[in-house]
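I have placed the structure first, in the form of structure tokens, so that the comments after it can refer back to it.
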Amino acid sequence: MTVSNERIKGITAAPGIAIGKALIYRPHEIDFIPKTKISLNDIDSEMERLNEARNTVLSELEQIREHIEKRLGSNYAELINAQISILMDHHIDDEVRNYMRENLVHVPIAYRGVMNVYIQMLDDGESAFFQERILDIRDVKQRVLRVLLSETVEPLSNHSDEPVILITKYLMPGDIIILSDGNVQGFVSELGGATSHTSILARSLKIPMIVGVPNIANDTLSGETLIVDGYKGELIIHPDHETEHLYKHQIKRLQKLSTYYAEHKNDRTVTTDGKTVNLVANVSLPVELKGLEEFGGQGIGLYRSEYLYLMKHTLPTEDELFQEYVTMVRFLKNKPVVLRTIDLGGDKIASILEQELLHEDNPNMGYRAIRICLDRPDIFITQLKAMLRASHYGKVQIMFPMISQLEELELAIHHFETAKEILRKEKVPFDENCEIGILIEVPSAALMMDKLAEKVDFISIGTNDLIQYMLAVDRGNEKVNHIYCHYDPVMIRTIQWIIRSGHHHEVPVSVCGEMAGDPLSILFLVGLNIDMLSVSPIFLGPVREIIRGLSFKELQNLVQKLLKMDKRQDIYSALKESFISFFPDWEKRFGESLITENTGLQDDD
């Protein structure tokens, strides 16, 4: 008997809602290879077979790259380069030749054995980045073996015109590009992360996607009606009539709201009693600039500069970085663009630099972000020079992430000044008054805010990491993620201190974490006199509408009450009561998905 409304949690890879029948997709994998013995004299001919197979696969991957470039632009075509570089790696040739010499087996067995060694070396079970590299290697391996063994791939069987939700163990960039041409409305996969290449493409193509759903790609699900809720990261299996009707209604309402927000994109973000809150966007990919244009942000409050490093899998040159930044700066036409210096972990940098990975038991608190930049000033100064060069063409601000002490900030500023001096000697123009700021994510930086604020031009609060570090909770750990909470008393007090410290030195303060787009958090952030909120482009519309319906004076009074509360449940209840008093018709006005459920917090009956 099928259970109605079974809900399974995953990770949101691309937001949105999709409804359709489950279609199971299994990437073609070769499990059995007949073992054929060869002599030493056969090795050269076997290597020639490998070269021919590799050239065939290269043509396949280049066709996929061209397809991506036509749909999304040249930058996204870089996603396929990782697989091409694996395919054409001549170190693999030497190892395959040695494998055949030692074992006297034909090239399919040797190639599989060598590639499996690489997979085992990377499979530490912890790094999402290396899990994706494993998928790249596995895909290349299967493509080459398929050609070597003359196997054909059957196209995905879908004889219906009705909408489908594609369910699979994993997807590669080529899969998502090809499969999204049909009637696929959403994707669900067992493997992958929010920053994976397929997730990037799904967001770019605006196809809802959930990843990290265990054991979902099984035949018992085939043909079942599914709902992908990409806002909650939730898959609903066999929804009853009422649930399906509610979601269909929600899709229509979200479409109407989207049209309304686009029509009002130029409305000022000012409260009913005259408090201005600047509203800008968080951007990870150039394609997201379309959303900024559609919904009218006043600039970019956080540009995550990592994707070019991750897609190229090599260190980008100064010119490549400059072209990336200047394209965005010109698009914004003198609106502010905050460029964050790279916030990569040690696993990613080690792979890019082709260095041995330093194992870290706690990588989130290890070798990452500004710590890598200060350890490798060559990488840091190259990026700073590119950012400064872009500042000649618009209003660029540069932000340093994960600062934990004054000495780190001072050293970062030293490298910033070094980059400026190099450009002067090279006679390359840049904005001499380019502003610098810090992203507050670490409790030590929050507590030292009065001293750090003296050194910078702006401050941004990265609430996602700050909450995790303040509350010592990994929100990816389902055993403890209920402890993660925007409304904890310590967060309101901490943010109040950061804002006061910044304003004491006449330094503007913004929030660029998820809290900036959370309706209830917006109330106390505005009440604390925040200067700017930076949100995902899709949230620009509702956040603007919320700000325009609030009273700054009333929220200042509310904040004074919240600061006297010592339990998050009380704060949550007070915020929701206040929100409803401002917007009695909030469900009709914003949609039911505006206020998401908070684990461990309940509404008062």
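In what follows, residues are counted from 1 in the order of the sequence shown.
The line from CD1 of Ile137 to CG of Asn116 is 10.0 Å long, rounded to the nearest 0.5 Å.
The closest donor-acceptor contact from the side chain of Arg112 to the backbone of Lys141 lies at 3.5 Å or more, if one exists at all. Between the side chain of Asn282 and the main chain of Cys512, a donor-acceptor pair closer than 3.5 Å is present. Between the side chain of Asn183 and the backbone N or O of Glu162, at least one donor-acceptor pair lies under 3.5 Å. The closest donor-acceptor contact from the side chain of Asp89 to the backbone of Ser85 lies at 3.5 Å or more, if one exists at all. In terms of modelled atom types and a separation under 3.5 Å, the side chain of Gln185 and the main chain of Ile19 share no donor-acceptor contact. Side chain of Asp375 to main chain of Arg371: no donor-acceptor pair is present (N/O by atom type, distance under 3.5 Å, no hydrogens or angles). Here the side chain of Ser222 pairs no donor or acceptor atom with the backbone of Ile24 at under 3.5 angstrom. In terms of modelled atom types and a separation under 3.5 Å, the side chain of Glu441 and the main chain of Pro401 share no donor-acceptor contact. For Thr168 (side chain) and Tyr170 (main-chain N/O), a donor-acceptor pair under 3.5 Å exists by modelled atom type. The backbone N or O of Leu388 lies less than 3.5 Å from a partner atom in the side chain of Ser391, making a donor-acceptor pair.
Using modelled atom types and a 3.5 Å distance limit, the side chains of Asp42 and Ser39 yield a donor-acceptor pair. A donor and an acceptor atom, one from each side chain of Thr220 and Asn218, are located under 3.5 Å apart. A donor and an acceptor atom, one from each side chain of Asp465 and Gln468, are located under 3.5 Å apart. Counting only N and O atoms by type, the side chains of Lys169 and Ser189 include no donor and acceptor under 3.5 Å apart. Between Tyr231 and Gln250, the side chains place no donor N or O within less than 3.5 Å of an acceptor N or O (distance only, hydrogens not considered). In summary, the side chains of Glu46 and His106 do not present any donor paired with an acceptor at a separation below 3.5 Å, with no hydrogens or angles considered. A donor-acceptor contact under 3.5 angstrom links the side chains of Ser305 and Gln383, judged on distance only.
For the pair Ile167 and Leu226, the minimum side-chain heavy-atom distance is below 4.5 Å. Contact of the Glu52 side chain with the Thr56 side chain is not registered, since no non-hydrogen atoms from C-beta on lie closer than 4.5 Å. For the pair Thr341/Met387, a side-chain contact is recorded, criterion being any heavy-atom separation below 4.5 Å from C-beta on. Looking at Met209 and Leu171, their side chains come closer than 4.5 Å, going by heavy atoms from C-beta outward. Residues Ile92 and Tyr111 have side chains in contact (heavy-atom distance under 4.5 Å, counting atoms from C-beta outward). Contact annotation: the side chain of Ile86 never approaches that of Asp139 to less than 4.5 Å [non-hydrogen atoms, C-beta and beyond].
One finds no salt bridge joining Arg65 and Glu69 here, because no Lys/Arg side-chain nitrogen approaches an Asp/Glu carboxylate oxygen to under 4.0 Å. Using a 4.0 Å cut-off between charged nitrogen and carboxylate oxygen, Asp93 and Arg97 do not count as a salt-bridge pair. Electrostatic pairing of Arg146 and Glu60 counts as a salt bridge here, judged by a charged N lying under 4.0 Å from a carboxylate O.
Taking the six-membered ring for Trp and thresholds of 30 and 60 degrees, Phe322 and Tyr393 have ring planes inclined between 30 and 60 degrees apart.
Heavy atoms from other residues, nucleotides or ligands lying under 6.0 Å from NZ of Lys35 number 12 at most.
Note on residues 7-17: pairs passing salt bridge (Lys or Arg N to Asp or Glu O under 4.0 Å), not counting sequence neighbours, are Arg7-Glu234.
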